[in-house]
Amino acid sequence: MELKKNKKVIVHPSLLGRRQSALFLDRDGVIIEDKHYLSNPSKVKLCPNIKEVLKSAFENDFIIVVITNQSGIGKGFFGWDEYKSVTERMLFLLGDQYKINAIYANSYTDFDDGYWRKPQPGMFFEAAGDLSIDLKSSIMIGDRDSDLKAGISAGLTKLVHVLTGH
């Protein structure tokens with residue numbers, strides 16, 4: 001895991017090299033149940049049907065990217081080590097069959113001027129550059145208005161709002 005200022009990036013290089021569509025997923029409320037400032041890996045529980053969503057994306061040759069705000073870090077409720085433990089637990093529960101290609105996380109709060117914090121599109125643009133993603137043909141699945149606004153600001157036209165979170 002690489003720490004860039006106030007951001008964390010994990011990249012799995014399996015599909016790098018050609019421009020293609022991505023499935024962008026918010027973490028809390030889309031992949032795992034939203035537990036509000038989750039820092040304990042034993043409390044990680046997958047959202048219903050997320051494995052099927054990942055399977056479909058994988059079978060349709062999408063790059064799979066997680067885009068997540070983690071303001072609990074910026075507010076001092078937990079640190080990057082706890083975030084990493086929760087992420088590792090999530091990846092373990094998802095299993096090895098359908099890999100997430102990259103995870104972009106930031107610790108900005110609502111009071112920071114963070115271009116990476118959704119609803120800003122910074123994480124999308126960075127992922128597009130890192131992974132050769134065609135944003136116009138990509139999809140964003142989120143449970144908050146900020147997820148969808150970030151996708152729109154990044155140029156995505158396919159957005160899915162799930163009702164598992166907010």
Side-chain angles (χ1 to χ4, degrees), residues 1-14 22-58 62-124 126-127 130-131 139-151 154 159-166:
M1 222 180 279
E2 173 188 347
L3 180 60
K4 291 183 177 180
K5 293 184 184 176
N6 206 17
K7 308 171 253 188
K8 280 245 184 197
V9 178
I10 304 170
V11 177
H12 187 274
S14 65
L23 174 63
F24 290 98
L25 301 160
D26 179 47
R27 188 189 83 170
D28 301 292
V30 176
I31 299 174
I32 61 175
E33 291 182 357
D34 190 349
K35 305 274 174 104
H36 203 57
Y37 301 125
L38 180 60
S39 61
N40 183 342
S42 68
K43 294 185 177 182
V44 174
K45 185 175 178 188
L46 295 178
C47 287
N49 302 316
I50 190 60
K51 286 186 177 184
E52 290 80 4
V53 170
L54 293 176
K55 177 182 183 212
S56 178
F58 182 82
F62 277 75
I63 294 173
I64 301 169
V65 181
V66 177
I67 302 285
T68 181
N69 288 342
Q70 294 296 314
S71 64
I73 297 169
K75 293 176 180 177
F77 297 147
F78 57 93
W80 284 111
D81 288 340
E82 289 83 7
Y83 163 81
K84 183 179 177 189
S85 295
V86 167
T87 299
E88 288 170 348
R89 179 68 179 160
M90 174 190 76
L91 294 172
F92 173 78
L93 292 174
L94 289 171
D96 290 333
Q97 192 170 11
Y98 310 110
K99 295 279 188 201
I100 290 173
N101 297 97
I103 300 173
Y104 291 79
N106 74 83
S107 61
Y108 295 114
T109 68
D110 290 330
F111 304 106
D112 295 321
D113 186 23
Y115 187 62
W116 263 42
R117 180 169 174 77
K118 295 178 284 179
Q120 298 296 321
M123 290 188 285
F124 290 87
E126 187 120 357
D130 291 346
L131 303 169
I139 301 168
M140 172 64 194
I141 301 176
D143 67 321
R144 294 176 183 250
D145 195 37
S146 60
D147 299 324
L148 305 179
K149 286 180 179 178
L159 308 164
V160 177
H161 182 228
V162 296
L163 302 177
T164 54
H166 300 271

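We number each residue from 1, following the sequence as shown.
Ala150 and Gln120 get closest at one heavy-atom pair: CB-O, 3.6 Å. The two residues Asp143 and His161 come nearest to each other via the heavy atoms O-NE2, 3.3 Å. Across Ala105 and Gln70, no two heavy atoms sit closer than the pair CB-CG, 4.5 Å. Residues Ile50 and Val30 share a closest heavy-atom pair of CD1-O, 3.7 Å. Among all heavy-atom pairs drawn from Ala22 and Val65, the shortest one is CB-CG2, 4.5 Å. When all heavy atoms of Pro41 and Ser39 are compared, the pair lying nearest together is CD-O, 3.5 Å.
Of the charged side-chain nitrogens involved, at least one lies within less than 4.0 Å of a carboxylate oxygen, so that Arg117 and Asp110 count as a salt-bridged pair. Taking 4.0 Å as the cut-off between side-chain N and carboxylate O, Asp34 and Lys45 do not count as a salt-bridged pair.
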Subject >> Test log, rule side-chain contact (heavy atoms from CB on, under 4.5 Å), inputs Ile32 and Leu38 >> reply: CA-CA 10 Å; Ile32 61 175; Leu38 180 60; 3.7 Å; yes

Subject >> Verdict with supporting geometry, Trp80 and Ile73, side-chain contact (heavy atoms from CB on, under 4.5 Å) >> reply: CA-CA 7 Å; Trp80 284 111; Ile73 297 169; 3.6 Å; yes

Original post:
Does the side-chain hydrogen bond (donor to acceptor under 3.5 Å, both in side chains) test come out yes or no for Asn40 and Ser42, once each step is laid out?
Top reply: CA-CA 5 Å; Asn40 183 342; Ser42 68; 2.7 Å; yes

**OP:** Please assess Asp147 against Arg144 for the test side-chain contact (heavy atoms from CB on, under 4.5 Å), listing each intermediate value before the final yes or no.
**Re:** CA-CA 5 Å; Asp147 299 324; Arg144 294 176 183 250; 3.7 Å; yes

**OP:** Using the side-chain contact (heavy atoms from CB on, under 4.5 Å) rule, take Asn69 and Met123 through it: C-alpha gap first, then chi angles, then the decisive distance, then the call.
**Re:** CA-CA 10 Å; Asn69 288 342; Met123 290 188 285; 3.7 Å; yes

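In this pair, Phe24 and Phe124 present their aromatic rings tilted. The plane angle is within the 30 to 60° band.
The shortest side-chain heavy-atom distance between Phe62 and Ser56 does not fall under the 4.5 Å cut-off. Under the 4.5 Å side-chain criterion, counting only non-hydrogen atoms from C-beta, Tyr115 is in contact with Pro121. Under the 4.5 Å side-chain criterion, counting only non-hydrogen atoms from C-beta, Met90 is in contact with Ile103. No side-chain heavy atom of His36 sits under 4.5 Å from any side-chain heavy atom of Asp28. The shortest distance between side-chain heavy atoms of Lys99 and Leu91 does not fall below 4.5 Å. Side-chain contact check for Ile100 versus Leu94: some heavy-atom pair is nearer than 4.5 Å. When side chains are defined from C-beta on, Leu25 does not count as touching Ile67, because their heavy atoms never get closer than 4.5 Å.
Counted within 6.0 Å of NZ on Lys75, heavy atoms from surrounding residues, nucleotides or ligands total more than 12; the atom is thus considered enclosed. The 12-atom threshold is exceeded at CZ of Phe77, counting heavy atoms of other residues, nucleotides or ligands nearer than 6.0 Å. Residue-environment remark: CD (Glu52) exceeds the threshold of 12 foreign heavy atoms within 6.0 Å.
Remark: Asp112 CG to Ser71 OG distance equals 9.5 Å, nearest 0.5 Å. Here Ile63 contributes atom CD1 and Asp130 contributes atom CG; the two are 10.5 Å apart, rounded to the nearest 0.5 Å. Between the CE atom in Met140 and the CG atom in Leu23 there is a gap of 9.0 Å [rounded to 0.5 Å]. Between the CG atom of Leu93 and the CZ atom of Arg89 there is a distance of 4.0 Å, given to the nearest 0.5 Å.
In this structure, Tyr83 has its ring center at least 6.0 angstrom away from the ring center of Phe78. The ring of Tyr108 has its center no closer than 6.0 angstrom to the ring center of Trp116.
None of Leu148, Asp26, Asn106, Asp145 except one satisfies the side chain to side chain contact (heavy atoms under 4.5 Å, CB included) rule with Lys118; the exception is Asp26.
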